[in-house]
There are 2 protein chains.
Amino acid sequence: MQRQIPEVVVSRLPMYLRALALLKSEGVEFISSKGLGDRLRMTPAQIRKDLSFFGKFGRQGRGYNVGRLRSELQQILGLDKNWLMALVGVGRLGRAILDYKGFAPEGFKIVAAFESEPDLIGKTVSGVQIEDIADLETSLKDKKIDIAIVAVPSSDAQVVIDKLIKSGIRAILNYAPICVRVPRGVRLQAIDPVLALQSMTFYLKRD
Amino acid sequence: MQRQIPEVVVSRLPMYLRALALLKSEGVEFISSKGLGDRLRMTPAQIRKDLSFFGKFGRQGRGYNVGRLRSELQQILGLDKNWLMALVGVGRLGRAILDYKGFAPEGFKIVAAFESEPDLIGKTVSGVQIEDIADLETSLKDKKIDIAIVAVPSSDAQVVIDKLIKSGIRAILNYAPICVRVPRGVRLQAIDPVLALQSMTFYLKRD
DNA sequence: CCTTGTGAACGCATTCACAGCA
DNA sequence: TGCTGTGAATGCGTTCACAAGG
């Protein structure tokens, strides 16, 4: 049905969605590819080309209906439902993630958390009861978890990720600063501020 | 002097560095581009081509000396010195960032923090005394800050970033989930887990 | 045999430019 | 006129393939 969409195109759709949400809150009804491009610092052609992979959403002479395009993109990205997530690793970083208020409004709910540290198991943090990591596989399936967040020490990350994959998880948000391997078919996104810093310094150092 | 290096090449160097650090800790002395590529899931040709932008670091028949290549890359990226960072926004997220233990070992030190909330100003969090955001410009210059970390609410992020740039900051790590504009010459890296999640769901939804 | 370093070939993403339509 | 949607053209990053060296 849909041709092969370049990954880089998919990765830009959430940005469009953000801009559209803002436009909607400003009461803007129609936006041209040029208008969107100005806000996002992109060329209008790129936006039109990206959207054209998925259909025709615009009106000549007018541009795109903000509300309509927004709900189209939400549907395309699968954001018209709630996604259930599990956190693995409830240390310092894990607790900050559990506490983070930015996921829920976008439809991402953390409904399970796992730890190996016995003192933490059974406790409730930010409304989520911490389970034994030994129960990972059964609990993930019981709770129909879609996405896993990995916040364990680097040394444990690969093992944890292998377990997650064996449990059927196909999307992982990894906070461990390590290069992990996943088989084809499993999506992995890394959140790695140190990597981001280390590539900025290259441009800073020329003084 | 050095030709224009593609940004995507620069962004891969920190990954090479990571792999090399691990290899060194394993006691490996020489590694071929093939060996590195296997670990990083990349083609050997890409690694050789990337490195060739900066010089000739390998030995035919042997590969690369792990320690040597590591220190070359550190130098290229400007990681042979400590970088001073300031945090703006000491809310929930900001405190987690101040608390994060991953920056210091890589030479990134948070030595200043700023807030607008009066109750927080003057307090010390994770060893850093919180200053009034009104003093941003002078304090950044006094302390010779190189990099700013932005962890304020989205609604304030653009204003804060404009101030930072006016204060002479040329590299920003932005945690606010918003599309901000920076002039050419200023590096901006965004840490945005929601964006990462939203592009994974595209691939999950086909069931 | 093993490797690197690199010009050339390739393929893919971005941009151009224009037909088509309001 | 203003703007979309899209094939064609461009530009750029990746991969190939091989000379050169150990």
Side-chain angles (χ1 to χ4, degrees), chain A residues 2-16 19-20 23 28-73 76 179 184 199 202-203, chain B residues 2-16 19-20 23 28-73 76 179 184 199 202-203:
Chain A
Q2 67 199 343
R3 301 160 274 169
Q4 196 54 21
I5 315 281
E7 278 193 39
V8 62
V9 170
V10 174
S11 76
R12 280 192 294 261
L13 300 186
M15 297 171 35
Y16 301 158
L20 290 166
L23 284 164
V28 177
E29 251 195 284
F30 279 86
I31 185 81
S32 65
S33 57
K34 168 102 173 51
L36 249 189
D38 287 346
R39 300 202 168 218
L40 293 169
R41 293 272 144 116
M42 299 173 53
T43 66
Q46 176 150 78
I47 292 171
R48 293 202 303 278
K49 176 68 91 182
D50 282 357
L51 296 178
S52 77
F53 280 98
F54 304 97
K56 306 183 183 197
F57 308 114
R59 275 170 59 183
Q60 280 136 333
R62 291 274 264 159
Y64 301 89
N65 178 300
V66 171
R68 155 100 193 292
L69 183 55
R70 184 156 172 257
S71 63
E72 293 277 8
L73 290 181
I76 289 164
C179 176
R184 296 183 109 292
S199 55
F202 174 79
Y203 298 97
Chain B
Q2 69 197 344
R3 299 161 278 168
Q4 196 55 22
I5 315 281
E7 278 193 38
V8 62
V9 171
V10 174
S11 75
R12 280 191 294 261
L13 300 187
M15 296 170 35
Y16 300 159
L20 290 167
L23 283 163
V28 178
E29 251 195 286
F30 280 85
I31 186 80
S32 66
S33 56
K34 169 103 174 50
L36 248 188
D38 287 345
R39 299 202 168 217
L40 293 168
R41 292 274 143 115
M42 299 173 53
T43 66
Q46 176 149 77
I47 292 171
R48 292 202 303 275
K49 177 67 93 180
D50 283 355
L51 296 178
S52 76
F53 280 98
F54 303 96
K56 307 186 181 194
F57 308 113
R59 274 170 61 183
Q60 280 137 329
R62 290 275 263 158
Y64 301 90
N65 177 302
V66 170
R68 156 103 193 291
L69 183 56
R70 184 157 172 254
S71 64
E72 294 276 8
L73 290 180
I76 289 165
C179 176
R184 296 183 109 291
S199 56
F202 174 80
Y203 299 97

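Every chain is numbered from 1, with letters handed out A, B, ... down the list of sequences. Quick caveat, the model's predicted, so the values are computed rather than measured.
Annotation: proximity of residues 58-73 of chain B to DNA chain D (heavy atom, distance under 4.0 Å) is found for Gln60(B), Gly61(B), numbered in ascending order.
Contact between the side-chain N/O atoms of Arg12(B) and the OP1/OP2 oxygens of dT14(D) is found at a separation under 4.0 Å. OP1 or OP2 of dT6(C) sits under 4.0 Å from a side-chain N or O of Lys56(B). A sub-4.0 Å separation between OP1 or OP2 of dT14(C) and a side-chain N or O of Thr43(A) is absent.
What separates NZ of Lys34(A) from C1' of dA17(C) is a distance of 17 Å, to the nearest Å. We find that CG of Asp50(B) is positioned 17 Å from P of dC12(D), with the value rounded to whole Å. With rounding to whole Å, Ile47(B) atom CD1 is found 16 Å from dT6(C) atom C1'. For the pair Glu7(B) CD and dG13(D) P, the interatomic distance rounds to 9 Å; values are reported in whole Å. In this entry the distance linking CZ of Arg48(B) with C1' of dC16(D) reads 10 Å, nearest Å. Atoms CD1 (Ile5(B)) and C1' (dC12(D)) sit 14 Å apart, rounded to a whole Å. In this structure, CZ of Phe57(B) is placed 13 Å from P of dT4(C), rounded to the nearest angstrom. Between the CG atom of Leu51(B) and the C1' atom of dG5(C) there is a distance of 10 Å, rounded to whole Å.
The minimum heavy-atom distance between Phe57(B) and Leu51(B), with the atom names listed, is CE1-O, 3.6 Å. Across every non-hydrogen atom of Ile76(A) and Phe202(B), the tightest pair is O-CD1, 3.3 Å. Between Arg68(A) and Lys56(A), the closest heavy-atom pair is NH2-O, 3.9 Å. Residues Ser33(B) and Arg48(B) share a closest heavy-atom pair of OG-NH1, 3.1 Å. Listed here is the closest heavy atom pair of Met15(B) and Leu40(B): O-CD2, 4.0 Å. Looking at every heavy atom in both residues, Val10(A) comes nearest to Ser199(B) through CG1-O, 3.8 Å.
Between Val9(A) and Ala45(B), the residue anchored nearer the 5' end of DNA chain C, judged by the nucleotide with its closest heavy atom, is Ala45(B).
Interatomic distance, Arg39(B) CZ to Leu20(B) CG, rounded to the nearest 0.5 Å: 10.0 Å.
Of the candidate nucleotides dT15(C), dG5(C), dC3(D), dC3(D) has the atom lying nearest to any side-chain atom of Ser32(A). With distances taken from any side-chain atom of Ser52(A) to the nucleotides dT4(D), dT6(C), dG5(D), the minimum falls on dG5(D). Considering only side-chain atoms of Lys49(B), the nucleotide from dA8(C), dG5(C), dT4(D) that sits closest is dA8(C).
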